[in-house]
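Input: a single structure, listed below in structure tokens.
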Protein chains: 4
Amino acid sequence: MPEPVGVRQAQAQRTRSGVLSAASAVFVDQGVQAPIRDIAERAGVGVGTIYRNFPTRADLVTAVYRHQIDTCTALAPRLLEESASPFTALTRWADAFVEFLVTKHGLSAALGSGDPGLEKLHALMLDTLVPACATLLDACADADELSPGITAYTLMRAIGNLCITGPDYDRDDAEHMVATLLAGCRREA
Amino acid sequence: MPEPVGVRQAQAQRTRSGVLSAASAVFVDQGVQAPIRDIAERAGVGVGTIYRNFPTRADLVTAVYRHQIDTCTALAPRLLEESASPFTALTRWADAFVEFLVTKHGLSAALGSGDPGLEKLHALMLDTLVPACATLLDACADADELSPGITAYTLMRAIGNLCITGPDYDRDDAEHMVATLLAGCRREA
Amino acid sequence: MPEPVGVRQAQAQRTRSGVLSAASAVFVDQGVQAPIRDIAERAGVGVGTIYRNFPTRADLVTAVYRHQIDTCTALAPRLLEESASPFTALTRWADAFVEFLVTKHGLSAALGSGDPGLEKLHALMLDTLVPACATLLDACADADELSPGITAYTLMRAIGNLCITGPDYDRDDAEHMVATLLAGCRREA
Amino acid sequence: MPEPVGVRQAQAQRTRSGVLSAASAVFVDQGVQAPIRDIAERAGVGVGTIYRNFPTRADLVTAVYRHQIDTCTALAPRLLEESASPFTALTRWADAFVEFLVTKHGLSAALGSGDPGLEKLHALMLDTLVPACATLLDACADADELSPGITAYTLMRAIGNLCITGPDYDRDDAEHMVATLLAGCRREA
DNA sequence: TATGAATGAGGCTTCATTCAT
DNA sequence: AATGAATGAAGCCTCATTCAT
């Protein structure tokens, strides 16, 4: 009896999704350096399955955050349309980015760690988020709302760093400091 | 025959200094989580010597940065006297802090890591750098040069985070972003 | 294609048994404090395998002796049935216990060491051997063959201690002293 | 000015005594395997001083217990004179030996451990205590009060083992079991 | 494909012992 | 004779990674 085409693939896809969900949760709890075994246990799979799907830790980290990064990227053009001014759009977009980062504690630290294994995640950001941010910055520049010399990559990296929270520097502090940084980016009239 | 006073102490002190130098260098290369053995090898001592002098890793990290932190702390009142305005003093002091941080890559990451073992270093900063910074901020506030709601601890933590450098976000970028953050802290006339 | 059920479990079980055999042998040679690595080498496995199967040293020690302890426990009621008098049964049972102990040098020393990590083994004895011994003592008491004040736990501990052998105090000496102790336990007519 | 003869030696002797006192106390707390450094700290001397006076751990252990062993040895002939019967003398002497052992927790375990480094202590016992005990046993045998086959060394070793106390087998239990063992040694009339 | 047992490198820490002063 | 800083071997334990089933 021939098995229906794609059943196997569907199952494999479900396994993959389960791993990603588990990894996401474990990263929040323990950071991106969490033991692979912990993720496997949370996902209810063997460690071999994780290695099959994500040969390196960086592959896993990247996959975990890819969807949210894509969502964030897609937000930029929409905000630009909807907002009263380009700088307002930039501010709102930064809010969304911060929202993303502060709920994924491990991510900011990971991005800031310089870990060479995370180059793929780095590349993902360069490829998607940075251009999105650049669009916003260009619009601000066109509207004469931006101090000179601010580049998308540097700004995003700075925002990312400001989102590394801890016991005495929480989400509110991060939001406050990002808002302050953006205020400093605004060209004085 | 009395042995020359302090000969052994002097030798021990030299050993201790050598360990601190080695640790400082290794921290720059590998971060504060570097294996103790690597530090011992760089210092040319056995691991036992490191454990004797610095029972915990946090003790070592703290000792490595204590001197520079103290220097930075002492700078604040001097700048306040010498500078044309309190905000200028704050800016210069931030420059010095950044200078310190970006040459000690490991430190910023350590401060941002939330590692519970580094509470001593954290406490050291709270006890010395934060009050120094608070003095500057108070002066700025008295001169009506500061946006409301900026606290010394949060600002320092933010500056610290902005100084977590990497391949595509270097010292110049950190300085730029810190300057931008401070610009955002300045009350608009 | 379903993999033959239990093939891997069987292999794992064999590994586990091999570890237990190796541990048993190493304990005789070196005592229960022997390095884990030595046991791993004797078993032909990596240290990780031992830690996987027996997370703590006490787990390993307990497992090593559990089977023999159970055997010894099961012997008590049988001897009570078969023997001419309860005291004879007690004597025979003590012989079996001694037989067990003197061939497992490490065990007696372990029981006498007060090592807090060996509470599990201690508990195992309390839970199984002591009740078995108590049955025999009760029968002796009922037959008026026992001096008053002898409790199962104390007696077993004493027997255990008497079985700590060494170069000049061997198995025969232990048997002799245990027999002498039991003679002292017998109520004088 | 010539220093009075013997001042140095007297000082050295005082150092030695201090080390022995400290070691005795530490052995009670931690057993005879206590770190040398702990003993040095308790004695207020450097570890080198301990190594100078007692090159091996066994030397130290032996020295610590020598005095008490000698006292115990000297007791035997006195008890033999004073007591109504040789067996009474033996019983009393055993009481004294138990008293010594149960207050020196580490010792019994040490004697039973088979540690080859403790051969000196072992030898000390063979050389002094065993002959003393043998005198008592001989007297008992002459008075027809002793079961045949009981040798001094084996009996002492057995008593020593019975004195290995722990949480659920205390001094009273040890005394009880030693008394029971001796009862078993008594020739039935 | 999925599994998870097994491996063993690698980091941590303690402490016996040496030796220059 | 006394000191105690320094050494480094030795044990512990974790976890990334492989591979037979």
Side-chain angles (χ1 to χ4, degrees), chain A residues 8-9 11-12 15-16 19 33-38 40-41 43-53 55-57, chain B residues 1-16 18-19 33-38 40-41 43-53 55-57, chain C residues 1-16 18-19 33-38 40-41 43-53 55-57, chain D residues 8-9 11-13 15-16 19 33-38 40-41 43-53 55-57 117:
Chain A
R8 236 198 265 264
Q9 288 92 328
Q11 175 51 37
T15 298
R16 208 184 139 88
V19 169
Q33 297 305 330
I36 294 292
R37 178 173 306 266
D38 287 3
E41 264 159 27
V45 302
V47 292
T49 301
I50 295 188
Y51 277 96
R52 168 176 299 276
N53 284 281
T56 71
R57 179 183 297 274
Chain B
M1 186 183 77
E3 143 193 324
V5 171
V7 167
R8 269 184 312 177
Q9 285 94 323
Q11 174 53 37
Q13 186 54 48
R14 232 169 300 130
T15 299
R16 204 185 142 89
V19 169
Q33 296 306 329
I36 295 291
R37 181 176 303 271
D38 288 2
E41 264 158 28
V45 303
V47 291
T49 300
I50 296 190
Y51 279 99
R52 158 182 296 276
N53 284 282
T56 72
R57 179 183 297 274
Chain C
M1 186 184 77
E3 145 192 322
V5 171
V7 167
R8 270 182 312 175
Q9 285 94 325
Q11 175 53 37
Q13 186 54 49
R14 231 169 301 130
T15 299
R16 203 185 142 90
V19 169
Q33 297 305 330
I36 295 292
R37 182 176 303 272
D38 287 2
E41 264 158 27
V45 302
V47 291
T49 299
I50 296 190
Y51 280 100
R52 158 181 297 274
N53 285 283
T56 71
R57 179 183 297 273
Chain D
R8 237 198 264 265
Q9 288 92 325
Q11 174 53 36
Q13 186 53 48
T15 298
R16 206 184 141 88
V19 169
Q33 298 304 330
I36 295 291
R37 177 174 309 263
D38 287 4
E41 264 158 29
V45 303
V47 291
T49 300
I50 295 188
Y51 277 96
R52 167 178 299 278
N53 284 282
T56 73
R57 178 183 298 274

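Within every chain, numbering begins at 1; the chains are lettered A, B, ... in the order of the sequence lines, protein sequences first and strands thereafter.
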Assign a letter to each nucleotide of nucleotides 10-15 of chain F from its 5' end: B, base within under 4.0 Å of a protein heavy atom; S, sugar-phosphate only; -, no contact. -SSBB-
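E/dA2 atom P lies 11 Å from atom CZ of A/R16, rounded to whole Å. Rounded to an integer number of Å, the gap from C/R8 CZ to F/dC19 C1' is 11 Å. E/dA2 atom P lies 11 Å from atom CD of A/Q9, rounded to whole Å. Distance CG (D/N53) to C1' (F/dT3): 13 Å, rounded to an integer number of Å. As rounded to whole Å, 15 Å separates atom C1' of E/dT3 from atom CD of C/Q11. Following rounding to the nearest Å, B/R14 (CZ) and F/dA6 (C1') show an atom-to-atom distance of 14 Å. Straight-line distance from the CZ atom of A/R52 to the C1' atom of F/dT18: 12 Å, rounded to whole Å. In this structure, the CD atom of D/E41 is 13 Å from the P atom of F/dT3, given to the nearest Å.
In this structure, B/G44 reaches the sugar-phosphate backbone alone: every heavy-atom distance under 4.0 Å involves primed, P, OP1 or OP2 atoms, never a base.
Qualifying side-chain contact (heavy atoms from CB on, under 4.5 Å) partners for C/A12, counting only residues two or more places apart in sequence or in other chains: none. Listed by chain and residue number, D/R37 satisfy the side-chain contact (heavy atoms from CB on, under 4.5 Å) test with B/R52 (two or more places apart in sequence, or in another chain). Scored by the side chain to side chain donor-acceptor pair (under 3.5 Å) test, D/D38 finds D/Q30 as partners (sequence neighbours excluded). Take A/T15 and apply the side chain to side chain donor-acceptor pair (under 3.5 Å) test, not counting sequence neighbours, and it matches A/Q11.
Listed nucleotides: F/dT21, E/dT21, F/dA2. Nearest to the side chain of D/A12: F/dA2.
Listed pair A/T15 / E/dT1 fails the phosphate criterion, with no side-chain N or O lying under 4.0 Å from OP1 or OP2. Contact between the side-chain N/O atoms of B/T49 and the OP1/OP2 oxygens of F/dA5 is not found at any separation under 4.0 Å.
Atom-to-atom distance recorded for B/I36:CD1 and B/T56:OG1 is 9.0 Å, nearest 0.5 angstrom.
What you find for B/A43 and B/G18 is that their closest heavy atoms are CB-O, 4.0 Å.
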Under a cut-off of 3.5 Å for both distances of each Watson-Crick or G-U pair, what dot-bracket string does DNA chain F give, using [ ] for crossing pairs and | for inter-strand pairs? .||||||||||||||||||||
